[in-house]
Amino acid sequence: MIVLKFGGTSLGNPVRMQNLVELIKQNQKQIIVLSAVAGTTNKLLQITEFLYNNDLENALKEISLLRIFYHEYVNELFSDIIYKEKSLNLINEHFNYLETFTIDLFTKNEERIIIAQGELISTALFHFYLESKKMKSILLSALDFMKIDENAEPEIDFLRSNLKPILESNISENIIITQGFICRNNFGQIDNLKRGGSDYSASLIGAALLADEIQIWTDIDGMHNNDPRIVNATKPVPYLSFDEAAELAYFGAKILHPQSVLPAQKF
Ligand code: ADP
Ligand code: ASP
Ligand code: MG
């Protein structure tokens with residue numbers, strides 16, 4: 001069993017999502033953890049800002065622009081008309097839901113529900129995409145097994161004891177898709193593992209299941225010796241120990257969620 005995590009950059013446009021199929025081996029058991037399409041979580045957060053400020057006009061405008069972005073994404077992703085329609089309906093359900101948040105009290109709880117939509121959308125679209133390519137897969141909701149405690153620390157025993165039975169009841173399935181980033185908190189509400197948290201989801205799942213490998217796929221060829229967005233001519237570091245990778249992540253190398261190394265190292 002391996003865990004593959006694809007970040008927002010790997011889903012940034014429909015062609016990139018299509019290309020992921022090349023990386024999936026149908027004869028090997030794998031859990032595919034997806035982030036939201038690049039830019040989506042930021043947009044959703046922007047919508048929540050407008051809602052906090054009771055600026056319904058701008059909130060609705062941003063919701064509408066993001067809905068259009070996803071309509072275009074879906075139209076390009078699928079050639080099959082049936083899947084196109086199924087996916088457009090799915091997108092509309094999510095965006096109609098987002099619009100309902102403009103008519104009531106807005107709190108942190110609503111904010112977390114809103115920013116969870118990105119991963120819920122990307123995983124559902126990828127599931128449809130694989131289905132349209134006649135590749136069998138199952139879509140699991142991370143909200144059924146990923147949980148944080150009152151200190152916002154992930155509960156790995158809960159994860160293991162809830163995910164294992166789900167996998168055992170789907171023993172013949174090789175391709176399992178789930179959301180990164182999102183989880184439930186100790187009140188049972190929708191919550192998340194903080195920005196960039198899909199890496200952490202993948203490594204927690206890998207650790208809980210004692211996976212053979214956790215692969216974090218992104219838009220760069222490995223961890224570089226410096227942040228390529230700031231420094232010119234950086235180079236990939238060919239070999240890094242867990243401690244070195246964790247140190248780089250802790251000191252701000254955006255490539256990895258700072259806590260994501262530990263579960264892989266510990267288990
Ligand atoms: P994803 O959407 O796949 O999670 P991120 O944007 O979170 O991708 O992380 C990948 C990006 O991290 C790279 O494109 C790169 O710009 C940036 N980055 C920052 N520091 C480093 C580093 N030391 N090595 C490699 N990439 C880095
Ligand atoms: N979508 C979330 C974020 O933008 C999680 C992630 O990308 O890892 O922070
Ligand atoms: Mg990331």
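Both ligands and their constituent atoms are indexed starting at 1 by order of listing. Along the sequence shown, residues carry numbers from 1. Note that these values count all heavy atoms, side chains included, but never hydrogens, waters or copies made by symmetry.
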Going by distance only, is there an N or O of S35 that falls short of 3.5 Å from an N or O of ligand 1?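 For ligand 1, there is no N or O atom that lies under 3.5 Å from one belonging to S35.
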
Is it the case that ligand 1 has an N or O less than 3.5 angstrom from some N or O of L248?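 It does not: no N or O of L248 is found under 3.5 Å from an N or O of ligand 1.
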
Tell me the contacting part of [X] for ligand 1: side chain, backbone, both, or neither, using a 4.0 Å heavy-atom threshold, strictly below.
| X | value |
| --- | --- |
| R229 | side chain |
| D219 | side chain |
| S10 | neither |
| K5 | side chain |
| T234 | neither |

Under 4.0 Å from a heavy atom of D227: give me the atoms of ligand 1 that qualify, with their elements. 18 (N), 19 (C), 20 (N)

Separation between CG of L51 and CG of N58, rounded to the nearest 0.5 Å: 10.5 Å

From OG (S203) to CD1 (I156), nearest 0.5 Å: 7.5 Å

Report yes or no: do E119 and S122 form a side-chain donor-acceptor pair below 3.5 Å? no

Pair Y129, S87: side-chain N/O donor-acceptor within cut-off below 3.5 Å: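 There is no such pair between these side chains.
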
Output yes when the distance from some N or O of ligand 2 to some N or O of R195 is under 3.5 Å, and no in every other case. yes

With nothing but distance in play, are any N or O atoms of S198 less than 3.5 Å from an N or O of ligand 2? yes

For E119, is the nearest heavy atom under 4.0 Å from an atom of ligand 2? yes

Does ligand 2 have any atom sitting under 4.0 Å from a heavy atom of G8?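 In this structure, G8 fails to qualify as a contact of ligand 2 - no heavy atom is under 4.0 Å.
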
